Amino acid sequence: MKIAEASVLLVTCIVLFSGHGVFSFSYDYSATMECLAAPKRAQYGGGMIGFNQRTNGSTLSSELGVSNDGLHNTTLSLKTVKLEKGNLYTFSAWVQISNGSESETVAVAFKASNGELVHGGETMAKQGCWSLLKGGIVAEFTGVVEILLMSKAMEIRVDNVSLQPFTAKEWRSHQDKSIDKVIRINRVVFIAVVYLSLVNLIQVRKKKVSFKVTYANGTAADGALILILQTKSGFPFGCGMNHYIVTDEAYRQWFASRFKVTSFTNEMKWYSTEKTRGVENYTVADAMVNFAEQNGISIRGHNVFWDNRVMQPKWVKDLPPAELMKAATRRLNSVVSRYAGRLIGWDVMNENLHFRFFEDKLGENASSMFYSMAYHLDPSMTLFMNEYNTIENSKDHTATACKYKEELEKILSFPGNAGLKAAIGLEGHFRDPKPNIAFMRSALDILGTMGLPIWLTEVDVGGGPDQAHNLEDILREGYSHPAVEGIIIFGGPIAAGFKCMTLANYDFEPTPVGEVVDKLINEWKSGRRQVRTDSRGMSEILLFHGDYRVKVSHRLINSSKSINFKVTKETENITVLLQFDA
């Protein structure tokens, strides 16, 4: 299949089948998260473990008894291996359970010699079929660890295990190559009783663009100078914004000069717009929306509801169910209608894996119901489920990638939600001294199988001497992952009250963290480029996705030609045709 043909199929697939089926990449991760009759081959041939092609999937050992983390009662020891400090390790295994419930969580952990457990990921395993467990670890010491599988199930069976080491240099090289390379995408879609498997080729962040320049008579213009200017990035890399933007001119200039996408930190939330029951005040939010629109900044709506009781307006917390439903319906209709056509997405329900205020009050389908209401109120809007610790904290078992996937699938299966434009929102509040980038990648891989846009929505990093370095690692991992379609960081100038992750001092000069952000903004765009045509009047160049203005001139004629064009991952290979008028 040619690239051009594949691109056409990709566009058709997105238009017709968005939100359905299985979506995966040949990006060193599995093509499915489904439960299979037989396990697939071990990744990397098993890597350091070499536990591959065990035809019977035999249980190695099962210890029944409470494990060290207090959450599991069955522990399966796989192997003892030596880790090297600073290396990143990807883990995968095919697992199933038996002699217990039909399905149960199976987790991987790395046990150090001092007894400390480092959790690396988990999956939902079933009886009678094989589920893929993915995870990873960044070694913070050189030493021996025991690889354990843990579950509440009575017995764990495992097959085709892999642990693959990478140096930090190798990992970075993989990220950089991912940005440039062409990847395979297999999308399996279901129509009536017919399965279609479409294989497509796209480039993750860049695309080759060809220029053909001719004179007025149609002959090739050899040696024509082509000046290329990227006017807008095709990848949304933005920053959270707060109410200081309304009054602080320095903050306004600082923000508008860097970012073209944002979420408001608090100003659209229910507790900000309706502090007193029945008295709505959108003054600040409206002013922020106006500023964003005047400066070409797209806005993700954050949020319609927050499932945490603590984060409700005071008057909402103790409303009886009928009154809560009435108030919530009015809230949703008000805020979604007010900003219809002015936003690129909404966080409809925030953090509904960690909290369940509305579920406890209104029933188990409360979140699904609110998504349905938002969808029918604004059918073209992208609706996010926004959650924390899915990519940033392997110790938090509440919002793992598998549980996130299960909850979002529940929302999408709710009656009336079939056409809903869903997206995955991952907050990314990293607080560990060293982020587990290998675990982050495994979580993105798992959620990538849903075929939905993934955004990192509130990325920030805890303070400390490595804050800037850690942020760069996280942003590079997100940007290089094919399933990620947008990143918003939650930081800003100290003058605007951003103390957790400060990007600029009181004089709006960049902090070390701010320097990382500025560096990546510049690195992830083509900027100004120039090329010359050959004897055929042709020239090729690899450009980041985005909007471009190009001007062509020639030293032999007093004439120039300009044109605007877009580079996107969905379109066919681009050839820009330029012809001089004289």
Side-chain angles (χ1 to χ4, degrees), residues 25 27-30 33 42-49 78-79 81-93 95 106-112 116-123 132-150 161-178 389-397 399-402 404 426 428-449 454 456 459 461 466 469-484:
F25 307 83
Y27 187 64
D28 293 337
Y29 59 90
S30 171
M33 288 303 295
Q43 291 185 316
Y44 307 106
M48 296 172 65
I49 294 182
L78 293 180
K79 193 168 185 178
V81 297
K82 183 180 180 180
L83 304 183
E84 297 292 335
K85 183 177 181 179
N87 279 1
L88 300 93
Y89 297 82
T90 61
F91 176 87
S92 65
V95 296
V106 176
V108 62
F110 302 87
K111 184 179 180 181
E116 180 183 356
L117 286 178
V118 178
H119 291 274
E122 65 179 57
T123 192
L132 177 63
L133 168 59
K134 296 200 71 173
I137 183 175
V138 178
E140 297 188 38
F141 61 88
T142 295
V144 173
V145 297
E146 184 182 9
I147 305 174
L148 305 174
L149 296 186
M150 297 177 167
V161 184
S162 172
L163 184 71
Q164 178 68 23
F166 297 90
T167 65
K169 184 178 179 180
E170 289 170 338
W171 197 272
R172 174 65 62 83
S173 176
H174 186 268
Q175 291 172 335
D176 293 341
K177 289 177 181 177
S178 171
N389 279 356
T390 304
I391 59 172
E392 62 265 43
N393 189 343
S394 63
K395 297 184 291 292
D396 188 341
H397 302 281
T400 64
C402 289
Y404 184 110
L426 308 173
H429 297 295
F430 290 83
R431 292 296 178 266
D432 288 338
K434 180 70 175 177
N436 188 346
I437 299 298
F439 168 78
M440 176 183 174
R441 180 175 293 185
S442 70
L444 293 174
D445 287 351
I446 292 167
L447 293 174
T449 66
I454 297 177
L456 312 188
V459 177
V461 179
D466 296 325
H469 177 78
N470 290 343
L471 178 64
E472 182 171 353
D473 283 348
I474 292 161
L475 294 179
R476 287 189 182 278
E477 185 60 35
Y479 184 76
S480 65
H481 198 286
V484 174

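Quick caveat: nothing in here was measured; it's all calculated off a predicted structure.
- Under the side chain to side chain contact (heavy atoms under 4.5 Å, CB included) criterion, Glu140 pairs with Lys434, not counting sequence neighbours.
- Side-chain atoms of Tyr89 never come within 3.5 Å of backbone atoms of Ala438 as a donor-acceptor pair (strictly under, hydrogens ignored).
- Residue Ala107 comes nearest to Leu133 through the heavy atom pair C-CD2, 4.3 Å, listed as atom of the first residue, atom of the second, then distance.
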Discussion item. Would Arg476 and Asp176 count as a side chain to side chain contact (heavy atoms under 4.5 Å, CB included) here? Give the steps.
Written reply: CA-CA 8 Å; Arg476 287 189 182 278; Asp176 293 341; 4.1 Å; yes
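- His481 and Asp445 share a donor-acceptor pair across their side chains, judged by distance under 3.5 Å alone.
- The NZ atom of Lys82 lies 11.5 Å from the CG atom of Asn87; values are rounded to the nearest 0.5 Å.
- Atoms OG1 and CD1, on Thr400 and Ile391 in that order, are 13.5 Å from each other to the nearest 0.5 Å.
- Counting heavy atoms from C-beta outward, Glu122 and Cys402 have side chains that stay 4.5 Å or more apart.
- You'll find the side chain of Val145 stays beyond 4.5 Å of the side chain of Val118, heavy atoms only.
- No side-chain heavy atom of Phe141 sits under 4.5 Å from any side-chain heavy atom of Glu116.
- Between Ala139 and Glu84, the shortest heavy-atom contact is CB-O, 3.3 Å.
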Practice prompt. Start with the C-alpha distance between Thr123 and Leu132, add both sets of side-chain angles, then the distance that settles side chain to side chain contact (heavy atoms under 4.5 Å, CB included), and finish with yes or no.
Written response: CA-CA 7 Å; Thr123 192; Leu132 177 63; 5.9 Å; no
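- Scanning all heavy atoms of the two residues, the minimum distance from Gly448 to Ile454 falls at N-CD1, 3.9 Å.
- In this structure, Ala401 and Ala443 approach most closely via the heavy-atom pair CB-O, 3.8 Å.
- Looking at heavy atoms from C-beta onward, Lys79 lies out of side-chain contact with Leu163 at the 4.5 angstrom threshold.
- The distance from the CD1 atom of Ile49 to the CD1 atom of Ile147 is 3.5 Å, given to the nearest 0.5 Å.
- Between Ser442 and Thr90 the shortest side-chain heavy-atom distance does not fall below 4.5 Å.
- A donor-acceptor pair under 3.5 Å links the side-chain atoms of Ser178 to the main chain of Ser480, judged by distance alone.
- Taking NE2 of His429 as the reference point, atom CG of Leu456 lies at 11.0 Å (rounded to 0.5 Å).
- Side-chain contact between Trp171 and Ile437 is present, with heavy atoms from C-beta onward closer than 4.5 Å.
- With sequence neighbours excluded, no residue forms a salt bridge (charged side-chain N to carboxylate O under 4.0 Å, His left out) with Asp396.
- Across all their heavy atoms, Pro435 and Phe430 have their closest contact at CB-CD2, 3.9 Å.
- With rounding to the nearest 0.5 angstrom, the CG atom of Asn389 is 11.0 Å from the CG atom of Leu426.
- Within the 3.5 Å criterion, the main-chain N or O of Ala42 finds no donor-acceptor partner in the side chain of Ser162.
- Side-chain atoms of Asn436 come within 3.5 Å of backbone N or O of Gly136 as a donor-acceptor pair.
- Between Asp432 and Glu392, the closest side-chain pair of non-hydrogen atoms is not below 4.5 Å.
- Checking side-chain atoms of Thr142 against main-chain N and O of Lys85 turns up a donor-acceptor pair under 3.5 Å.
- Scored by the side-chain hydrogen bond (donor to acceptor under 3.5 Å, both in side chains) test, Gln164 finds no partners at all (sequence neighbours excluded).
- At least one side-chain heavy atom of Phe91 sits under 4.5 Å from a side-chain heavy atom of Val161.
- Between atom CZ of residue Arg172 and atom CD of residue Glu477 there is a gap of 10.0 Å, rounded to the nearest 0.5 Å.
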